[in-house]
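As structure tokens, the structure follows; a few thoughts come after it.
Within every chain, numbering begins at 1; the chains are lettered A, B, ... in the order of the sequence lines, protein sequences first and strands thereafter. Just so we're clear, the structure is a prediction, and the values are computed from it rather than from any experiment.
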Amino acid sequence: MAKRSGILATAATLGLVATLLSACGSDSDDALVWYINPDSGGQAAVAKACSKELGFEITTQVLPQAAGEQRIQLARRLAAEDPSIDLMSIDPPYTAEFANAGYLAPLPDDLQQRLRDQAFTGAAAAATWDDQLVVAPFWSNTQVLWYRKSFAEKAGLDLTQPVTWDQIIQAAADNGGKVAVQSNKYEGYAVWINALIAGAGGAIATDTEKGADATIEVDSAAGDDAAGVISELASSSAAPADMSVAQEGQAGATFGGDTGAFMVNWTYIWTNYDATQPDVKKDLGFARYPQTVAGEESRPPYGGIGIGVSAYSDHEDQAMHALECLTSPENQGINAEMTGNMPSSPAGYDYPALKDIYPQELLDLFQESLDAAAPRTVSPYWSDISGALQSRFHPPSSVDEDTPADAQKFIEDVLHQRSLL
Amino acid sequence: MTATATTPAATAGRATKSDRSNAENRLGMRLVAPAVVVMLIVTAWPMIQALYLSLFKYRLTTPDEKEFVGIGNYTSILTDGLFWKDTVNTVIIMVVTVAIELVIGFVFAMVMHRVIFARGVIRTSILIPYGIITVVSAFAWQFTFSLSNGWVNSWFDWLPGIAADTNWFGDHWPAMFAIMVSEIWKTTPFMSLLLLAGLSQVSEDMIEAAKVDGATWWQRLWKVVLPNMRAAIMVAVLFRALDAFRIFDNIFVMTRGAQDTESSSFLTYRQVIEQFQLGLGSALSVLLFLTVLLLAFLIVRLFRVDLAQARGES
């Protein structure tokens, strides 16, 4: 008897475990899972709206905070062909890496065409690898030159005309102001360097479809111009004290402080001071990103999120429908209203609520900047290129005329695994 | 954690064995066989896999460009400045922490051995840090040294070189100091536990005899106690040195390798996990493994101790 009751107990336990396991599994059977980067609820709201519209459920799973950690988690799951990811939010610098590795399901041609027609030029460029649009641009961010109106007036600088880096550094130095930038040893520094090089008509790398054999062009006239701007600021009295560790937040704090004069930073700065420093908000002006070389059009940075469909998803067709819904101009508008992450399409900018938050000239400037934006080099090796670039350009005060050649050699060595990064 | 190959394989061939001991040996082998098979599957297989991968230029996200490079990964690593910088860091951390732990650990072991009142409480409180998860202790020490909410700056600002605004993680040596303090605090109890085992093996008779012969406390310590616990010291130093050489958690939590505080393990982690460089990273882990083996060999040689004897075998 005792033995039989033991068997019964075991059977009951197994039955219970099986029920629990199947209960766990049932979620992923009929709902799409979208891995999102953390935000203030925009993506979850959009997922809910599309679940209602399409008649199937889209659930969200939140990725880690840092973009690099998001990349690691997604790549490791995808390398293991994890079918539990259907859709994912991907940072532009890693799009090429994922597409090249075969992690992203190819988008149908007609869908690619519609998404490309809808998006800003810069947004589509950042989402393209090997002539294919591999993710759907969802939101797009760009930087503009923010300035304190009172300071510009004191310095006598006319910001209705395009200005150069040299002009703002001089104006700030001569009048006791600071130029806030992002130059900690992190991805944001590579964003700045890329914008400076692109603004001088160059590129960090070309022929990127050759992978590790891409042509690195940091050691060029454009690279020299970029290094010139960085070293001019770093050695000037306009350099903030925390320049070598400044990220977006520190730059914002410098700009909001007593010596704040100029800052390059992302779109959300417009609402950054609303609650805490209303007087700074009143004094806040904006203009096109500064030129690296006088007379040559500036190429503002590009950031944002594209949504990709996993190549290992069991629901690819549904995911494609979901993708189109999630990135519709209206949903881009909903997301922008909730998070401050601006739409990736001109149509998204027509979302009425945005006009209540941002002045029309600023919305126009954002769109103009996005069309002129220079995305970071689209390469499966971007994280290596960026890391090597940061390693040689940091700290900013060490940048001199030898830096571009030095960085070029180091990037090439890292790409060919002759050096450790 | 510390997988050390300590089985002496040199027992055969000493003398002709009796039938009975042969049979016992055979039985012994049959009994350990299942464990050996499991070890081969879970340890040897990944090691062979790593060895194989280390011969390739292979990145997880560019699988099509996988390419056989022979010992190319090893030559790029061994000629790389960063690798040597990190190795030197690791050696410094290992030598300094193990030396300090040995001294403090021995004092603790003596206290635990000789204490006559509240024995349980004293032994337990000495062992508490070892029961704390390394990541937790690393966070605790990071807060301790933190510029904004740590207590080190405010308690020790009377010392030269420490002020209210000393940024411990802003420079190489202060950051290394903080990492080492955390490591020492966390693992000294382990050291003292191993030394306590050795201390209790020292025969009281010998100490008594030395006392009768008129040896001072100092002489008894150096001439009687320490020589008789050489095996225990050797095991303690070996275990701790190998552990310290593989330091990772403290650095990961406290500096993330900033200010050149990176260790060999951390470098390997970055290559494999962050940069997906399976080939280069595997080569690094093979080198790390070889270094650990070499260290173990050197320490065994240095103390000239038979490990079988250290475990109380005949």
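Between Trp151(B) and Phe156(B), the ring planes lie tilted relative to each other; the angle falls in the 30° to 60° range. Phe266(B) and Phe252(B) have tilted rings, their planes meeting at an angle from 30° to 60° on a 0 to 90° scale.
Using a 4.5 Å cut-off between heavy atoms, Tyr103(A) touches chain B through its side chain atoms alone. For Asn100(A), the parts lying under 4.5 angstrom from a heavy atom of chain B are both the backbone and the side chain. The contact between Glu65(B) and chain A is made entirely by side chain atoms (from C-beta outward), counting heavy-atom distances below 4.5 Å. Using a 4.5 Å cut-off between heavy atoms, Leu267(B) touches chain A through its side chain atoms alone. Residue Ser383(A) touches chain B through its side chain alone, counting heavy-atom pairs closer than 4.5 Å. Residue contact with chain A, scored on non-hydrogen atoms closer than 4.5 Å, involves the side chain of Leu82(B) exclusively. In this structure, chain B has no heavy atom under 4.5 Å from any part of Leu78(A).
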Review point. Under the side-chain hydrogen bond (donor to acceptor under 3.5 Å, both in side chains) criterion, do Asp400(A) and Ser231(A) qualify, and how do the steps go?
Key: CA-CA 6 Å; Asp400(A) 58 25; Ser231(A) 90; over 6 Å; no
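Residue-environment remark: CZ (Arg76(A)) stays at or below the threshold of 12 foreign heavy atoms within 6.0 Å.
Between Tyr94(A) and Trp382(A), the ring center distance fails the sub-6.0 Å criterion.
Put simply, the residue from Leu287(B), Leu280(B), Leu284(B) that forms a side chain to side chain contact (heavy atoms under 4.5 Å, CB included) with Asn73(B) is Leu280(B).
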